[in-house]
Amino acid sequence: MSDNHKPELDQISGVETTGHEWDGLKELNNPLPRWWLYTFYACIVWAIGYWVVYPSWPMVSSYASGVIGDSQRANALAAYDAGIAERASIGNQLVEASFEDIRTTPNLLEFASANGRAAFGDNCAPCHGSGAVGSPGYPNLQDDNWIWGGTVEDIHTTLLYGIRSDHDEARFGDMPAFGTDELLTREEISQVASYVASKTGLEPEEGVDLAAGETLYVDNCAACHGEDLKGMIEVGAPNLTSATYLYGKSVDAIKAQIYSPRNGVMPAWEARLDPATIKSLAVYVHSFGGGQ
Amino acid sequence: MAVKGTFRRIKWAILFITLGIYYFLPFIRFDRGPNAPDQAVLVDLAGRRGYFFFIEIWPQEVYYITGLLIIAAVALFLMNAVAGRVWCGYLCPQTVWTDLFLYVERKIEGDRRARMALDREPWTAGKVGRRATKHFLWLMIAWWTGGAWVLYFSDAPTLVYNLATLQAPFSAYLWIAILTTTTYLLAGFMREQVCIYMCPWPRIQAALTDEKALNVTYKWDRGEPRGSLKQNKALELKGLPAGDCVDCHQCVHVCPTGVDIRKGTQLDCIQCGLCIDACDNVMEKVGKPTGLIGYDTDENIERRIEGKESVYEIVRVRTVVYAAVIALVGGIMLFALLTRDFADINVLHDRNPIFVTQTDGSIRNGYTVRLLNKRNHERNFMLHVEGMPAGTSVEAVGIDTTFAGRPIIEVGADTTREVRVLVNSPAGVKMPKSTEIVFRLTESVMGEVVTADDYFKAP
């Protein structure tokens with residue numbers, strides 16, 4: 001530091017120095033431009049205003065909420081409510097329209113499909129898969145094999161009340177456990193499974209008496225699955241001649257299902273989703289193209 | 001300083017034409033029928049359409065804009081190869097608006113000397129009045145400039161009415177305010193600073209010009225040694241060489257960017273030619289031939305010193321290549337425009353699942369088909385899928401109308417429609433893993449056909 005208070009001019013540039021010197025180098029005094037300084041001061045003033053108007057300081061048990069009481073959480077909730085309200089009108093139209101009207105009214109169909117797609121991803125994809133093709137035990141919704149009916153109304157009913165769910169309207173259809181309840185012997189199960197396999201295009205097990213299998217089928221299975229093996233929607237008995245399978249495409253899988261059947265559960269969605277969403281889901285699932 | 005002369009007149013003519021187009025083009029009407037706007041040039045952002053007279057651009061056709069940008073860039077290169085920075089001097093909006101602002105300033109405050117005197121005057125009522133008038137007129141020009149821009153994005157007469165009755169959307173007022181402010185600041189105060197410091201073009205153009213391009217040139221072979229009229233006369237009497245330049249500095253005073261052209265071509269020079277006019281006026285007064293400063297090439301100065309004739313080769317590799325590129329891109333765009341379809345089809349195959357096996361063993365593939373109808377009336381399209389074996393069924397979800405098993409899809413005027421299309425292979429037919437198929441769309445009245453290729457997948 002220099003004690004000389006008279007400004008000293010740098011000889012080369014002609015600019016005032018600050019008087020600071022390091023190893024013979026002197027610092028030139030080039031102050032910030034005025035407009036820059038004023039912009040800086042304006043920012044400070046702006047920031048003070050901002051503290052006052054908007055939420056800013058954390059306090060001991062709360063925070064300075066600002067004079068206009070702005071809250072990002074409240075704003076987000078308001079925007080959410082506004083979005084719900086905006087969709088309510090077309091949602092109401094959807095609830096009131098018949099499925100036939102929805103199918104032939106492009107904007108309703110489009111809304112139902114988009115809404116259904118989103119709801120499907122959130123609620124149905126965990127079991128039926130994001131592409132709705134299911135997996136062993138979880139029906140494929142893309143094909144035309146419908147255990148409980150594939151009209152859009154049937155799908156809607158299944159969605160509302162579920163299958164084997166705890167809802168009062170839920171539909172039940174129990175496959176007896178022919179093996180564990182000792183209704184049939186292991187050999188008989190082999191025979192009937194091979195008979196069913198032969199009707200679905202699979203190779204029956206070697207050396208199994210198919211004629212005995214047929215007799216066993218008529219006596220034990222035809223009541224639900226029908227003499228033509230086409231199943232019965234009323235009791236949820238699957239079509240056994242289908243090229244598609246719920247529990248696996250092999251004689252062993254058929255045997256396992258006869259011996260100790262698994263009965264899948266579909267939850268009732270009536271209490272969990274609003275009517276417009278359930279209707280959208282029915283339309284969306286039906287639009288996969290396998291619906292009847 | 002007021003300049004009169006050929007180049008000044010050319011600049012005024014271009015100013016009238018370009019600003020005339022810019023200010024009034026949105027008001028030109030063009031009848032497109034009942035379902036489309038009647039504005040000849042319109043960028044409809046909300047409706048996602050661009051209209052330019054008989055051309056209607058859809059969002060998926062923005063490649064036309066790419067083509068226009070390529071043509072614009074190469075046209076600038078070509079201008080540069082022919083005559084240096086003529087764009088800067090005559091056509092650039094900054095130049096044009098600044099010229100208009102300078103004209104207003106000169107009319108109100110007088111020429112350069114008068115303005116410098118006015119600056120020194122105390123703030124009398126007269127000075128305040130003149131300054132206020134100038135800034136008011138500047139703001140009016142800036143306001144119309146900003147306002148005209150907004151008119152390209154909405155129906156112009158309606159927007160003008162709404163703006164006047166304070167019913168226009170906030171964004172319209174905001175944009176007018178932004179563009180008014182920037183025009184006022186850039187043309188009123190920053191002027192040549194924009195060309196010298198803000199604009200990237202001077203740097204680029206330096207790399208594009210060459211010794212064969214016409215540039216505003218001081219013919220130093222003729223002008224040097226310069227001196228006052230008296231000095232030069234004295235030199236001539238003694239039989240010594242004397243140049244034609246009388247060192248009057250008129251060329252420097254009229255220069256909008258403050259260049260001394262006698263120092264050669266430089267970054268600040270926008271090639272406007274005002275120094276040519278100023279110099280020619282002086283040369284006429286002192287009885288010397290005009291053209292001491294003129295559009296000339298560097299090559300010619302060398303040639304004259306060597307005693308050769310001046311030449312100007314406009315047909316050079318550079319100009320031919322640029323012209324060819326412009327012609328090529330223009331040709332491609334014209335071809336695309338003339339052969340464009342008024343209907344279109346986009347097909348997206350379902351990815352999850354790729355195919356579905358049905359109970360009878362047949363295979364189904366799902367597709368999302370998007371149909372575009374670019375006409376201003378509703379049209380029907382018949383969908384047919386080619387490449388599949390006999391017995392294949394094609395259905396569109398939500399569509400009952402069919403003709404010989406082919407869905408008839410109705411698409412509204414000037415819109416797109418998305419339908420889910422399901423293709424079922426016949427039962428009992430073993431399909432290959434992948435079959436090439438064609439979605440063919442036939443319009444019912446005109447018979448217009450558009451197609452899209454896709455695949456039918458099977459296990």
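Just so it is clear: chains get the letters A, B, ... in the order the sequence lines come, proteins before strands, and each one is counted from 1.
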**Q** What are the two closest non-hydrogen atoms of Phe355(B) and Lys457(B), and how far apart are they?
**A**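 Scanning both residues, the minimum pair turns out to be CB-O, 3.4 Å.
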**Q** Pick one of side chain, backbone, both or neither for Glu100(A), based on which atoms fall under 4.5 Å of a heavy atom in chain B.
**A**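 Just its side chain gets close to chain B.
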**Q** Under 4.5 Å heavy-atom distance to chain A, tell me which part of Asp400(B) shows up: side chain, backbone, both or neither.
**A** side chain
**Q** By a 4.5 Å heavy-atom criterion (distance strictly below it), what part of Arg351(B) contacts chain A: side chain, backbone, both, or neither?
**A** neither
**Q** Ignoring hydrogens and geometry beyond distance, is a side-chain donor-acceptor pair present between Asp144(A) and Thr359(B) at under 3.5 Å?
**A**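 Per modelled atom types, Asp144(A) and Thr359(B) side chains form a pair under 3.5 Å.
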**Q** Has the side chain of Ser98(A) got a donor or acceptor atom that lies under 3.5 Å from a matching backbone atom of Asp101(A)?
**A**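 Answer holds: yes.
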**Q** For Thr241(A), is it the side chain, the backbone, both, or neither that has a heavy atom closer than 4.5 Å to a heavy atom of chain B?
**A** backbone
**Q** When the ring planes of Tyr50(A) and Trp46(A) are compared, do they come out parallel, tilted or perpendicular, using 30° and 60° as the limits?
**A** tilted
**Q** Heavy atoms only, distances under 4.5 angstrom: which of Val397(B), Asp350(B), Thr357(B) has the most pairs with chain A? Name it, please.
**A** Thr357(B)
**Q** Kindly state whether the ring of Tyr184(B) and the ring of Phe189(B) have centres lying under 6.0 angstrom apart.
**A**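 Yes: the rings meet the under 6.0 Å criterion.
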